[in-house]
Visitor: 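Structure incoming, see below.
Bear in mind that the values here come from a model prediction, so they are computed numbers and not experimental data. Each ligand, and each atom within it, is numbered from 1 in the order the structure gives.
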Amino acid sequence: MKFFVDTAELSDIKELASFGLLDGVTTNPSLIAKSGRDFKSTIAEICAVVPGPVSAEVAATDYETMMREAEVLRKIAKNVTIKVPLTLDGLKACKALSGDGTMVNVTLCFSANQALLAAKAGATFVSPFIGRLDDIGLDGMELIREIRTIYDNYPDFNTDILAASIRTVNHVKDAALIGADVVTVPPAILKALVKHPLTDAGLATFVADWKKTGQSIV
Ligand code: G3P
């Protein structure tokens, strides 16, 4: 399973990349707005830190403008992945861009049929939003399960399931159990994955006992 971080905050990205566990980055217009930074230079800086796919989302909703924006964004770096919304225009842009060898992430996926269309359009990634489905009383993880089954039924599909809108550490575990290819996780949740009270307690005991030996390894 690949781990992406879902943020536009460069300091978080640099810190997480330093642990060697980061395979890519996803951004969206809301995350860029939250960062308060210039979109194109932020994407360039992220691409310089993380060699894996870095999703940069188009702002337009019509095909022609999406394609013009994609042209600008994909020139920023080789690892830019163009993120398009799951609309007919977005799918048309996905088909054109992926046919041209550009990585495409089709975002705002909320149904299995939408994911089917994204795969038909040649998407590199489809982003089902787990948390936002949970927010309205539906089961986001059930959508991941359905998409996994459908994609596995058709081995000629080459689209990775990128589980997005992750809100809890259990979302990460459940997406992994189902077999999502990628999970994009906010920095705080990514760091929380390592936490277990028994690890902390066990380590405190080891440190205290080691002190009692009076020895040093280096
Ligand atoms: O990458 C987009 C997705 O992760 C959004 O998450 O928390 O705004 O629903 P959220």
Visitor: What atoms of ligand 1 come closer than 4.0 angstrom to any heavy atom of Arg132?
Guide: 5 (C), 8 (O), 9 (O), 10 (P)
Visitor: For ligand 1, which atoms sit closer than 4.0 Å to a heavy atom of Asn28?
Guide: 1 (O), 2 (C)
Visitor: Output a table of donor-acceptor pairs, distance under 3.5 Å, between side-chain atoms of residues 20-30 and any protein atom two or more places apart or on a different chain; print 'none' if there are none.
Guide:
{"unit_1": "Asp23", "atom_1": "OD2", "unit_2": "Phe3", "atom_2": "N", "d": "2.7"}
{"unit_1": "Thr26", "atom_1": "OG1", "unit_2": "Asp6", "atom_2": "OD1", "d": "2.7"}
{"unit_1": "Thr26", "atom_1": "OG1", "unit_2": "Thr184", "atom_2": "OG1", "d": "2.5"}
{"unit_1": "Thr27", "atom_1": "OG1", "unit_2": "Ser55", "atom_2": "O", "d": "2.7"}
{"unit_1": "Asn28", "atom_1": "OD1", "unit_2": "Ser30", "atom_2": "N", "d": "3.0"}
{"unit_1": "Asn28", "atom_1": "OD1", "unit_2": "Leu31", "atom_2": "N", "d": "2.7"}

Visitor: What residue and atom, counting heavy atoms only, is the protein's closest point to atom 7 (O) of ligand 1, and at what distance?
Guide: Arg167 NE, 3.1 Å
Visitor: Atom 6 (O) of ligand 1: which protein heavy atom is closest, and how many Å away?
Guide: Ser165 CA, 3.3 Å
Visitor: Any side-chain to backbone donor/acceptor pair from Tyr63 onto Leu88? Under 3.5 Å, distance only.
Guide: no
Visitor: Which of these, Thr26, Leu133, Asp6, has its nearest heavy atom closest to atom 1 (O) of ligand 1?
Guide: Asp6
Visitor: Which atoms of ligand 1 sit under 4.0 Å from any heavy atom of Lys83?
Guide: 1 (O)
Visitor: Applying side-chain contact (heavy atoms from CB on, under 4.5 Å) to Arg167 and Arg132, what does each step give before you reach the verdict?
Guide: CA-CA 9 Å; Arg167 305 279 172 76; Arg132 291 193 196 182; 3.5 Å; yes
Visitor: Which bit of Glu57 is near ligand 1, meaning a heavy atom under 4.0 Å away: side chain, backbone, both or neither?
Guide: neither
Visitor: Of all residues at least two apart in sequence or in a different chain, which pass the side-chain contact (heavy atoms from CB on, under 4.5 Å) check with Asp209?
Guide: Thr205, Lys212
Visitor: Could you tell me whether the side chain of Pro186 reaches within less than 4.5 Å of the side chain of Leu190, counting heavy atoms only?
Guide: no
Visitor: Which of the atoms of ligand 1 are close to Ala164, meaning less than 4.0 Å from one of its heavy atoms?
Guide: 4 (O)
Visitor: Count the heavy atoms belonging to other residues, nucleotides or ligands that lie under 6.0 Å from CD1 of Ile136, then report whether that count exceeds 12.
Guide: yes
